[in-house]
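Encoded as structure tokens, the structure appears first; notes follow it.
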Amino acid sequence: MPRKTVQKPFTITVIVQGTVIKDNYSGDGKRVSGFRRNYKHADILKLKMKARTLLDGRKKLPVFKVKDELMKQLMEHRVSVVIGETGSGKSTQIPQFLMKQIKGKIAVTQPRRVAAINLATRVSEEFGCDVGRDVGYAVRFNNATSYKTMLKYMTDGMLLREMMLDPLLSDYSAVIVDEAHERTILTDMILGFLKELLVRKRKDDKNFRVIVMSATLDADKFSAFFNKAPIFFIEGRLFHVDRYYLPHSVDDIIDSMVKSIIQVNQEQTKGDVLCFLPGQEDIDKVTSILHQIAPALPREAPMIVPLPLYAALPPQQQLKVFDKVKPHQRKVILSTNIAETSVTIPGVRYVIDSGLRKIKVWRHELGLSTLLTVPISKASASQRTGRAGREAPGKCFRLYTENDYIKLSQNTEPEIIRSEIVYPVLMLKRLGVDDILNWFWLENPGRSALIAALQQLYALNALSDSGKITDLGEQMAVLPVTPHLGAVLIQASKFGVLSTVMDIVACLSVDNLILTPPSEQRDVINAKRRETCTLGDRYGDLVMLKELFNIYNDISSSDERRIWCKSLGVSYKGFKNVLRIRKQISQYMDSMDGRKNEKERHSGVEDGNKSKNDDSNEDEIKTSVPLNYELVLKSFLKGFITNTAIGMPDRSYRTVTSGDTISIHPSSLLFGKKIDAVMYIEHVYTMKGYARNVSAIKTDWLREMAPHCLDRG
DNA sequence: TGGGGATTT
């Protein structure tokens, strides 16, 4: 073959689907824990004995009392909605009942990884098998299933991924969608796809079953969506919780929270206190106030032990909420929404609820997000209240009036109508949905949001002029990163800087990797970062990430890594995750590329002059090659061409798309610098418009990298 | 010199 300088840009069509999902599953290459190929009779006996001891407990669950009636309904209808309150046992028992009655595999989806893993672990004990045998789970980086697995707990994201590879879900004869009331984007997407399956693709398969499980009383919505599917109600097993309201509304939620905590501590008997506040800032304030005043409080009341809890908190500190305290002490946990569903803390008898939470709202017409503090819904208020009644009767103090409560909306607004939906739309396109506007949306995001998403995809070359998915779009749909970052990766491959860009993309895919240092350490840590990342100091945050990645990767011992992370205010746990994601991305890029050009590969330096990167060794991370920042940043422009701004003489920046003023966020290494043009990964609006994860670019790069979209505005 | 809720492939 006469090919010397220019090689084929990309082997686009060769997405080996089986390989992709296999790679995905093997993830970090860990073997399924506890799974053994050769079973001894004694082992099985032991597992079955254990299961038998659990049976008595199971029979006491509310769901067991209605088993026959419930199963009759589930068997008679293709779709059922099951309302099961907390403690009903629905998530563990119903799948097992179903297992005995139907042939074929059952999928149970969960919004969160830990829930999927814990449920599978519990249910396999009850069933009498090792996890990954008859009962297993599948979450990112961890697959505990085998050919024998008939009941599979999995995250919503995993089932969607399987759908992308097998739109018929032909492996399954039943899908149970759990926690549907949470209305996450992914759950909503699954429900839409299932409806499509039922009315079109598997219309005649009368044995295919869908069960929607919800904890709240919004079942009518689901029932109506699935053509008036019957609703089955199972009561829960929570203790009674008394509710108290304030006589008047308050303005200062921090003051009000502190006063309530002190009052509860003095007036109420034994039991820990869980307080819900909207965000980190409020939590830190209340925590420090409590630390200050705790010693001065009356001796006869328990000693307050304030404990903050939010996602950005280092894991070690998060775990402190589970520590036991001395008899004369009382835990006061100050938490965000994380304690509403994700973290359950034993010992809580009292809940104090600010009635607020924070949400990120995407403005698709502006391409930016805003962070708002908003009142919770009644459903959420009830969920928070329930946290006080898990072990014994409890009390819930609401820091708002009863009249305020009455005015709250019934249910939490579904995520999909306030989010960026580029990826959901790409999924639809990938599954061949042409009429996006009239798809089976449980909640239609609206015409303008859908059109904005289509335009984004078009600008990324994921869609053709006729609105069909392109080969590039197919690749983006399969990559485990946002479509924007997917476009960047594919461009980087063409530029021959894939390895470096994968490092950076992996860093960008991890939340809270670069931490905001406490104010007293801020200057020291900022200076240290600039000193460590000399190129990042010039070219911006993406280059900084690469520099940090290199150093982290070159440190051999985990102790040293930990110390290094601390000194720079970056997350150790985050970086461990970066490596896993880096590996997964690398495997996907490899499998996409196919093995066609095997012989043409050249090993060695990633210098960007070669049109095709050597990918046979992509798992080998390159930390020693010189950084070609220009090609790296140009690759990013491919995905973020609309996130650019030009520096003005007065040191402000104006966005290329709208001409609006935007400022470099103070957390950026480029903050306070005078730069001709910048590209940013995220545009957030708080007090004013801020660019986050900023890089210095040249204005002529814009024209060079600008696809068809720039002219259109 | 700002502030960041929670998920997931």
Side-chain angles (χ1 to χ4, degrees), chain A residues 20-21 23-25 27 109-116 138-143 154-165 179 182-190 276-285 309-313 335-343 354 356-361 369-374 376 380 412 415-416 418-419 423-424 426-427 476-483 485-486 509-519 522-523 526 577 580-581 584-585 587-588 663-668 670-672 682 684-692:
Chain A
V20 168
I21 199 161
D23 285 350
N24 188 26
Y25 274 21
T109 69
Q110 295 291 325
R112 284 168 292 280
R113 288 166 54 92
V114 274
V139 298
R140 188 181 194 181
F141 301 127
N142 223 335
N143 173 38
M154 62 208 299
T155 47
D156 293 331
M158 272 310 232
L159 186 70
L160 279 168
R161 195 146 279 270
E162 290 193 5
M163 277 184 190
M164 305 283 258
L165 302 170
E179 313 285 10
E182 289 190 21
R183 300 300 304 276
T184 68
I185 294 178
L186 299 182
T187 307
D188 269 27
M189 291 305 290
I190 284 185
F276 286 100
L277 283 160
Q280 177 176 347
E281 198 184 354
D282 314 278
I283 289 170
D284 289 344
K285 272 188 194 156
L309 178 65
Y310 44 82
L313 207 64
S335 174
T336 60
N337 243 355
I338 194 170
E340 197 179 299
T341 46
S342 307
V343 178
S354 68
L356 299 169
R357 65 174 188 142
K358 285 197 172 182
I359 56 168
K360 202 175 194 175
V361 178
S369 58
T370 51
L371 213 61
L372 305 173
T373 302
V374 297
I376 58 172
S380 174
T412 307
E415 212 174 43
I416 203 160
R418 59 172 171 88
S419 306
Y423 184 60
L426 182 60
M427 281 198 285
M476 290 177 202
V478 173
L479 279 167
V481 295
T482 65
L485 289 174
S509 304
V510 169
D511 278 337
N512 303 316
L513 181 68
I514 308 296
L515 307 164
T516 19
S519 50
R522 192 182 63 195
D523 293 341
N526 277 346
N577 233 343
R580 291 206 292 185
I581 293 173
Q584 194 183 37
I585 293 171
Q587 287 169 345
Y588 273 83
S663 309
I664 296 178
H665 196 272
S667 65
S668 169
L670 296 185
F671 177 73
E682 201 184 8
V684 290
Y685 199 94
T686 50
M687 303 295 280
K688 51 180 181 172
Y690 284 107
R692 306 196 57 146

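Numbers restart at 1 for each chain; the letters A, B, ... are given by sequence-line order, proteins then strands. Values reported hereafter were calculated over all heavy atoms of this structure, with side chains retained and with hydrogens, waters and symmetry mates removed.
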Pair A:D156-A:T184, side-chain contact (heavy atoms from CB on, under 4.5 Å): steps then yes or no: CA-CA 9 Å; A:D156 293 331; A:T184 68; 3.8 Å; yes

In whole angstrom, what separates [X]'s [atom1] from [N]'s [atom2]?
X: A:Q110; N: B:dT9; atom1: CD; atom2: P; answer: 12 Å
X: A:E179; N: B:dT8; atom1: CD; atom2: C1'; answer: 15 Å
X: A:R183; N: B:dT8; atom1: CZ; atom2: P; answer: 19 Å
X: A:I585; N: B:dT9; atom1: CD1; atom2: P; answer: 14 Å
X: A:I185; N: B:dG5; atom1: CD1; atom2: P; answer: 19 Å
X: A:E682; N: B:dG4; atom1: CD; atom2: P; answer: 11 Å
X: A:K688; N: B:dG2; atom1: NZ; atom2: P; answer: 7 Å
X: A:R522; N: B:dT1; atom1: CZ; atom2: P; answer: 9 Å

Among [options], which nucleotide sits nearest the side chain of [X]?
X: A:Y690; options: B:dT8, B:dG5, B:dG2; answer: B:dG2
X: A:I338; options: B:dT8, B:dT9, B:dA6; answer: B:dA6
X: A:L371; options: B:dT7, B:dG4, B:dG2; answer: B:dG4
X: A:R692; options: B:dG4, B:dT1, B:dT7; answer: B:dG4

Student check: side-chain heavy atoms of A:V684 and A:L371 closer than 4.5 Å: no

Heavy-atom check, side chain of A:T336 versus side chain of A:I283, under 4.5 Å: yes

Quiz item: A:R161 side-chain donor-acceptor pair to B:dT9 base, under 3.5 Å: yes

Under 4.0 angstrom, heavy atoms only, what part of the nucleic acid is [X] near: base, sugar-phosphate, or nothing?
X: A:S342; answer: sugar-phosphate
X: A:E182; answer: nothing
X: A:N512; answer: nothing
X: A:D523; answer: base

Whichever of A:V114 and A:Q280 has its nearest DNA chain B nucleotide further upstream toward 5': A:Q280

Using OP1 and OP2 only, check whether a side-chain N or O of [X] sits under 4.0 Å from [N].
X: A:R113; N: B:dT9; value: yes
X: A:T155; N: B:dT7; value: no
X: A:K360; N: B:dG4; value: no
X: A:T336; N: B:dA6; value: yes

Between A:T187 and A:E182: side-chain donor-acceptor atoms closer than 3.5 Å: no

Donor-acceptor side-chain pairing of A:D284 and A:Y310 below 3.5 angstrom: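 Yes, side-chain donor-acceptor contact under 3.5 Å.
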
Presence of salt bridge, A:R112 and A:E340, under 4.0 angstrom: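 Salt bridge between A:E340 and A:R112, a charged N being under 4.0 Å from a carboxylate O: no.
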
